[in-house]
Amino acid sequence: MKKSITGLMAILAVVFFATTVNAQSKDQAAVKTVVQNYFGALNASDVNKVASYFITDGVLLAPGAPTATGTDQLKGTFKYVFDNFTYILAVAIADVTVEGDYAFVASTSNGSFVIKSSNQKIEDDFRETFILKRVNGQWKIARYMYNKSK
């Protein structure tokens, strides 16, 4: 009887661990998709799509620019950016950590942007930190900060 209980407990532990790992993998994949889709919207210069990846009080911390907080400020910031620049960036996600309803992403991106007024193309690369929050079952960007890697 004792061996049966011990065996049953071992099986339950393995099932619990496998279920937890599977849920973690699904969350990590969903988080990666949000970040990749964000870059797709950025490259498409789509203000509304970019803003849709943020929570309603999301924050953008961009170098040399005022902090943008909330949907209206995010849309205003990205409208200014897209009115003046076109981006062609590829993202590489280095790490995704999920802790409950929060996820942390470290990534790098490289490519170019074009200054529309002069049609000047500039090669550049960045490193990023994203903090995402699960809201109503969906992952959204809560905080986003980036800087140049050089």
Just by distance, no angles: are the side chains of T97 and D95 close enough, under 3.5 Å, to form a donor-acceptor pair?
yes
Hey, mind stepping through V35 and E128 against side chain to side chain contact (heavy atoms under 4.5 Å, CB included) and telling me if it holds?
CA-CA 10 Å; V35 172; E128 302 95 14; over 6 Å; no
Which atom pair, heavy atoms only, marks the closest approach of D57 to T69?
O-CG2, 4.1 Å
Value rounded to 0.5 Å, distance of CD1 in I141 from CD1 in I55
10.0 Å
Run the side chain to side chain contact (heavy atoms under 4.5 Å, CB included) test on V34 and F130 for me, step by step, so that the C-alpha distance in whole Å, both residues' side-chain angles and the decisive distance to 0.1 Å come before the verdict.
CA-CA 10 Å; V34 170; F130 292 86; over 6 Å; no
Show the nearest heavy-atom pair for residues N147 and P63, with the distance to one decimal.
CA-CG, 4.3 Å
For the student: nearest non-hydrogen atoms of A41 and F82, plus distance:
O-CZ, 4.4 Å
Answer yes if L89 and I122 sit in the same cluster of Ile, Leu, Val, Met, Phe, Trp and Tyr residues linked by side chain heavy atoms under 4.5 Å apart, and no otherwise.
yes
Shortest non-hydrogen contact from T77 toward A68
OG1-CB, 3.4 Å
Linking I/L/V/M/F/W/Y whenever any side-chain heavy atoms sit under 4.5 Å apart, do L61 and F39 land together?
no
The test is side chain to side chain contact (heavy atoms under 4.5 Å, CB included); show your working for Q36 and I93 and say whether it passes.
CA-CA 9 Å; Q36 291 164 338; I93 297 172; 4.1 Å; yes
Can you name the closest pair of heavy atoms from L74 and G58 and give their distance?
CD1-O, 3.8 Å
Step-by-step side chain to side chain contact (heavy atoms under 4.5 Å, CB included) determination, I115 to N84:
CA-CA 6 Å; I115 302 170; N84 292 284; over 6 Å; no
Once you round to the nearest 0.5 Å, how far does NZ of K140 lie from CG of L132?
10.5 Å
Mind checking what makes side-chain hydrogen bond (donor to acceptor under 3.5 Å, both in side chains) contact with K121, not counting sequence neighbours?
none
Closest non-hydrogen atoms of A142 and K133, given as atom of the first, atom of the second and distance, are CB-CB, 4.2 Å
Any chance you could measure Y80, atom OH, to F85, atom CZ, to the nearest 0.5 Å?
5.5 Å
Measure the OG1-CZ distance between T108 and F126 for me, rounded to the nearest 0.5 Å.
11.5 Å
May I ask you to test the V31-F104 pair for a side-chain heavy-atom distance under 4.5 Å?
no
State which residue, out of Y53, Y144, W139, Y87, fulfils the ring pair (Phe, Tyr, Trp, His ring centres under 6.0 Å) condition with Y38.
Y144
Rounded to the nearest 0.5 Å, the CD atom of E123 sits from the CZ atom of F113 at a distance of 10.0 Å
With rounding to the nearest 0.5 Å, note down the distance linking CZ in R143 to CD1 in I131.
7.0 Å
Applying salt bridge (Lys or Arg N to Asp or Glu O under 4.0 Å) to K79 and not counting sequence neighbours gives D83
